[in-house]
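The structure under discussion appears below in the form of structure tokens.
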Amino acid sequence: MSPNNNKGAFYVTTPIYYVNDKPHVGHAYTTIAADVLARFKRLDGYDVKFLTGTDEHGQKVAKAAADKGIEPQALCDANSQNFRDLAKTLGISNDDFIRTTEERHIKACQALWKRLEDNGSITLGKYAGWYAVRDEAFYDEGELTKGPNGEKLAPSGAPVEWVEEESYFFPLKEWQERLLKFYDENPDFIGPKSRFNEIYSFVKGGLQDISISRTAFSWGVPVPGNPKHVMYVWIDALTNYITALGYPDESGEMAKFWPEQNPVALHLVGKDIIRFHCVYWPAFLMAAKLPLPKRVFAHGWWTVEGQKMSKSLGNAIDPTALVEKYGLDQLRFFLMREIPFGNDGDFSEAAIAGRINSELANALGNLAQRVLSFIAKNGGGKIPVSHSTSDAAYLIADADLIHKSHELLDHCREHIKRQTYGEVLEAIFELVRAANAYVDIQAPWALKKTNPDRMETVLWTLLETIRHIAIIIQPFTPSAAEKLLDQLAVPSHERTFFYIEDPKEFASPHQLKSGTTLPTPTGVFPRYGDPKAAAGKGA
RNA sequence: GGCGGGAUAGCUCAGCUGGCUAGAGCACGGGAAUCAUAAUCCUGGGGUCGGGGGUUCAAGUCCCUCUCCCGCUACCA
């Protein structure tokens with residue numbers, strides 16, 4: 001708890017993951033990105049709620065369970081646990097984990113449904129289309145091909161038949177203009193910008209009403225008053241974001257994290273599901289006369305060694321194996337650092353090894369080690385004294401580095417606002433490089449003989465810089481940052497951003513106190529690939 | 001086909017409303033230093049800024065055109 005922990009509410013969510021999926025690096029990516037955001041905002045004094053969970057309904061789950069000869073709920077229980085385990089493996093700081101088969105969620109969905117119905121936004125009609133039993137999917141007329149006997153075939157080659165079933169509809173078309181107006185008024189609703197443009201032109205191109213119930217299967221949330229129907233995926237899945245806030249109770253967390261004025265909710269999603277989050281979801285909410293989230297950010301996909309990840313190739317990577325191989329902090333860092341958030345990127349051994357060694361080990365890890373071990377050997381193992389000086393060259397050099405440290409937080413905040421994680425880390429490493437350059441230029445090992453006071457000042461300045469870096473990098477590499485702060489003897493309650501919220505003046509009120517005894521330094525970011533480092537990869 | 005976004009040093013990319021000799025990181029060459037995780041620092045290489053044309057005193061930066069690449073073009077989680 002820092003003294004400034006009252007900057008307001010912040011709500012961040014991952015998508016709920018489909019229980020039929022095996023957790024892979026894509027899931028890890030979204031979840032880590034959300035976690036970094038949650039940690040950053042907490043450290044910055046916000047009241048944060050961070051939600052993740054699993055999506056458990058649908059025909060595929062029912063079928064998978066039937067194939068195994070177990071109840072769908074049993075399958076969900078087992079598979080949902082995989083995602084909980086993943087969160088644990090990744091050091092995720094989520095405040096809640098929602099499952100769509102939970103009672104609270106079923107209640108919330110039904111309440112939302114009734115509200116839509118009361119507002120005249122649900123109508124009963126017929127859903128008709130070409131259905132391929134083998135694929136369990138409907139296809140458009142245009143997607144179909146003709147078989148050798150003139151019969152219609154799905155793109156997969158499966159035969160299709162014309163199927164009509166009773167279905168409830170949501171009049172999405174009616175919301176087209178209001179959605180466009182909303183986008184116009186909230187240009188930051190969707191990130192990155194390219195996705196905003198996509199959604200905008202999609203909506204502008206004309207919307208069709210959507211089917212929101214099914215009768216072909218029963219593994220879903222029953223439609224109130226007509227249990228023959230279950231709600232169809234998106235109305236079920238999207239509602240999770242407000243279920244977790246206690247909806248239909250609109251006081252409490254709903255009021256706090258889902259307000260009409262100054263919305264605070266941010267949905268992180270993969271680019272495959274932006275339409276549901278940026279078109280359907282706002283339309284549902286508007287129709288229900290509920291507030292909207294603040295922003296939806298769609299990230300890209302990872303390829304692996306240049307190859308697309310796919311079930312058929314079987315090259316999806318198990319995040320747990322990555323954590324074991326590279327270390328958790330290293331994996332988190334790499335995923336956030338390697339590509340601009342929103343772009344696609346490639347996960348390769350060479351790339352992650354390069355990042356770990358050149359940035360974490362050589363630049364940052366070595367900076368800390370060279371300074372701390374120098375102090376341990378030459379500074380009595382205590383935080384040195386920053387001596388005043390009248391030498392202009394010294395003043396400028398010191399002030400420059402301290403000034404850069406003081407500016408870092410604001411720069412990072414700006415980037416976090418737009419989820420440009422790579423820029424946050426770039427800003428941090430600019431300071432790391434500046435600090436390394438400062439060590440070389442000031443050369444404390446030479447000052448040891450010629451000017452011990454100056455040596456102390458230089459070391460103090462470096463420690464204070466490292467303190468800033470360690471505090472601000474916590475969201476990305478939590479456990480290494482913790483070790484580093486331990487080595488700087490920073491009390492555990494003085495590690496929030498409040499303590500690097502610096503004034504314009506040279507001296508920060510929370511700067512390191514001279515004379516404090518420091519523990520024996522040990523490396524926090526070992527090089528990857530060094531035989532010596534093999535034991536310490538967890539950093 | 002339509003709409004949108006790209007094509008800049010070996011690699012990954014920055015370059016807002018046009019303006020000094022086009023930048024960063026990584027990789028590579030040279031030098032310095034030796035506190036440190038054989039880490040660090042300095043420095044260099046000179047890339048037709050996809051091709052062509054145009055506007056302008058001045059264009060990666062605006063206009064036209066050509067080539068190539070990517071995304072979206074719905075009810076699939």
Side-chain angles (χ1 to χ4, degrees), chain A residues 15-21 55 57-61 127 129 135-140 142-143 155 167 169-170 172 192-212 232-234 236-237 270-276 279-280 298 300 337-340 343-346 350-351 354-355 357-379 422-423 425-426 429-430 432-448 455 458-459 462 521-528 530 532-533 536 539:
Chain A
I16 43 175
Y17 302 119
Y18 202 54
V19 278
N20 260 19
D21 291 340
D55 181 14
H57 287 132
Q59 193 167 18
K60 283 185 184 167
V61 172
Y127 182 56
D135 301 347
E136 294 169 5
F138 281 91
Y139 293 100
D140 265 358
E143 293 179 273
S167 171
F169 282 84
F170 177 82
L172 189 61
K193 197 71 197 162
S194 54
R195 299 296 168 196
F196 179 92
N197 294 340
E198 266 179 34
I199 290 294
Y200 195 93
S201 65
F202 169 77
V203 173
K204 200 156 194 186
L207 296 173
Q208 290 171 25
D209 297 346
I210 52 171
S211 159
I212 53 168
Y232 198 41
V233 289
W234 288 104
D236 173 350
K271 62 183 182 179
D272 54 334
I273 53 175
I274 43 170
R275 176 175 310 148
F276 308 107
V279 182
Y280 294 12
R337 172 64 167 146
E338 181 67 3
I339 55 172
N343 290 12
D344 291 346
D346 185 50
R355 288 290 180 190
N357 287 337
S358 73
E359 297 191 317
L360 289 182
N362 295 355
L364 176 53
N366 183 55
L367 170 68
Q369 185 67 11
R370 69 196 298 206
V371 171
L372 287 165
S373 72
F374 192 90
I375 290 171
K377 289 175 195 161
N378 305 292
E423 306 277 341
L425 289 165
E426 178 57 32
F429 278 85
E430 269 175 38
V432 171
R433 284 189 286 271
N436 269 319
Y438 176 87
V439 181
D440 277 41
I441 291 166
Q442 301 303 324
W445 49 91
L447 294 167
K448 186 169 74 174
M455 175 193 82
V458 165
L459 294 174
L462 283 163
T522 56
V524 291
F525 289 118
R527 285 178 59 86
Y528 173 74
D530 284 6
K532 268 196 310 190

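Values below: every heavy atom of this structure, side chains too, minus hydrogens, waters and symmetry copies. In what follows, chains carry the letters A, B, and so on, assigned in the order in which the sequence lines appear, proteins first and then strands, with residues in each chain numbered from 1.
Between Y438(A) and L367(A) there is no side-chain heavy-atom pair separated by less than 4.5 Å.
Using a 4.0 Å heavy-atom cutoff across all strands shown, N357(A) reaches no nucleic acid atom at all. When heavy atoms are screened at a 4.0 angstrom cut-off, A437(A) is found touching the sugar-phosphate backbone but no base atom. L207(A) comes within contact range of at least one nucleobase, with a heavy-atom separation under 4.0 Å. Nucleic acid contact class of S373(A) (heavy atoms, under 4.0 Å, all strands): sugar-phosphate only. Contact annotation for R355(A): no contact, since no heavy-atom pair falls under 4.0 Å across all strands. Here G365(A) lies in heavy-atom contact (under 4.0 Å) with a base. Residue F202(A) is classed as a base contact, given a heavy-atom separation below 4.0 Å to a base.
To the nearest 0.5 Å, atoms CZ (F429(A)) and CG (N436(A)) are separated by 10.5 Å. For the atom pair CG of L172(A) and CG of L207(A), the computed distance is 4.5 Å after rounding to the nearest 0.5 Å.
Looking at the side chain of Y232(A), the nearest of the listed nucleotides C35(B), G25(B), C75(B) is C75(B). For F276(A), whose side chain is taken as the heavy atoms from C-beta onward, the closest listed nucleotide among C35(B), C42(B), C76(B) is C76(B). Proximity note for W234(A) (side chain, C-beta onward) versus U37(B), G4(B), A77(B): the nearest is A77(B). Of the candidates C26(B), C76(B), A36(B), the closest approach to any side-chain atom of S358(A) belongs to C26(B). Nearest nucleotide to the E198(A) side chain, out of C72(B), C75(B), C35(B): C72(B). Picking from A39(B), A77(B), C41(B) the nucleotide with the shortest atom distance to the side chain of N362(A) gives A39(B). Closest to the side chain of R370(A), from the set C75(B), U40(B), C26(B), is U40(B). Here the nucleotide nearest the side chain of N366(A), chosen from C41(B), U40(B), G71(B), is U40(B). Listed nucleotides: A74(B), A77(B), A39(B). Nearest to the side chain of I210(A): A74(B). With U73(B), C35(B), C75(B) as the candidates, the nucleotide lying closest to the side chain of Y280(A) is C75(B).
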| Candidate pair R433(A) and E430(A), rule salt bridge (charged side-chain N to carboxylate O under 4.0 Å, His left out), full reasoning | CA-CA 5 Å; R433(A) 284 189 286 271; E430(A) 269 175 38; 5.1 Å; no

| Y200(A) and K204(A): CA distance, side-chain angles, deciding distance, side chain to side chain contact (heavy atoms under 4.5 Å, CB included) verdict | CA-CA 6 Å; Y200(A) 195 93; K204(A) 200 156 194 186; 3.8 Å; yes

| query | Checking side chain to side chain contact (heavy atoms under 4.5 Å, CB included) for the pair R527(A)/N362(A): CA distance, chi angles, key distance, verdict? | reply | CA-CA 8 Å; R527(A) 285 178 59 86; N362(A) 295 355; 2.8 Å; yes

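Atom P of C28(B) sits at a distance of 11 Å from the matching atom of A39(B), rounded to the whole Å. Across the C1' atoms, U12(B) and G54(B) are found 33 Å apart, a figure rounded to whole Å. Comparing the P positions of U56(B) and G15(B) gives a spacing of 29 Å, expressed to the nearest Å. Comparing A38(B) with A33(B), their C1' atoms sit 14 Å apart, to the nearest whole Å. Comparing G10(B) with A27(B), their C1' atoms are spaced 8 Å from each other, to the whole Å. G6(B) and A22(B) have their P atoms separated by 23 Å, with the value rounded to a whole Å. Comparing C72(B) with C26(B), their C1' atoms sit 33 Å apart, to the nearest whole Å. For G60(B) and G18(B), the C1' atoms lie 10 Å apart once the distance is rounded to whole Å.
A 3.5 Å limit on both hydrogen-bonding distances identifies G31(B) as the Watson-Crick or G-U partner of C41(B). Remark: G1(B) base-pairs with U73(B); criterion is Watson-Crick or G-U wobble with both hydrogen-bond distances under 3.5 Å. Taking a pair to require two hydrogen-bonding distances under 3.5 Å in either a Watson-Crick or a G-U wobble arrangement, G23(B) pairs with C13(B). Across the strands present, A7(B) finds its partner in U67(B); the criterion is a Watson-Crick or G-U wobble pair with both atom distances under 3.5 angstrom. Pairing for U56(B) is absent, with no Watson-Crick or G-U wobble pair whose two atom distances lie under 3.5 Å.
Ring-plane geometry between W234(A) and F276(A) is classed as parallel, the angle between the planes falling under 30 degrees on a 0 to 90 degree scale with a further cut at 60.
Nearest-nucleotide mapping onto RNA chain B: of K271(A) and G523(A), the residue sitting toward the 5' end is G523(A). Comparing G206(A) and A363(A) against RNA chain B, the residue whose closest nucleotide sits nearer the 5' end is A363(A).
In this structure, the CG atom of N436(A) is 16 Å from the P atom of U34(B), given to the nearest Å. Computed from coordinates, the H57(A) NE2 to C76(B) C1' distance equals 19 Å when rounded to whole Å. The CG-P distance, from N197(A) to C3(B), rounds to 14 Å in whole Å. Between the C1' atom of U37(B) and the NZ atom of K377(A) lies a distance of 12 Å, rounded to the nearest Å. In this structure, Y17(A) atom OH and A77(B) atom P are separated by 18 Å, rounded to whole Å.
The aromatic ring of W445(A) stacks onto the base of C35(B), its centre lying under 5.5 Å from the centre of the six-membered base ring with the two planes under 30° apart.
With its glycosidic angle more than 90° from 0, G45(B) is assigned anti.
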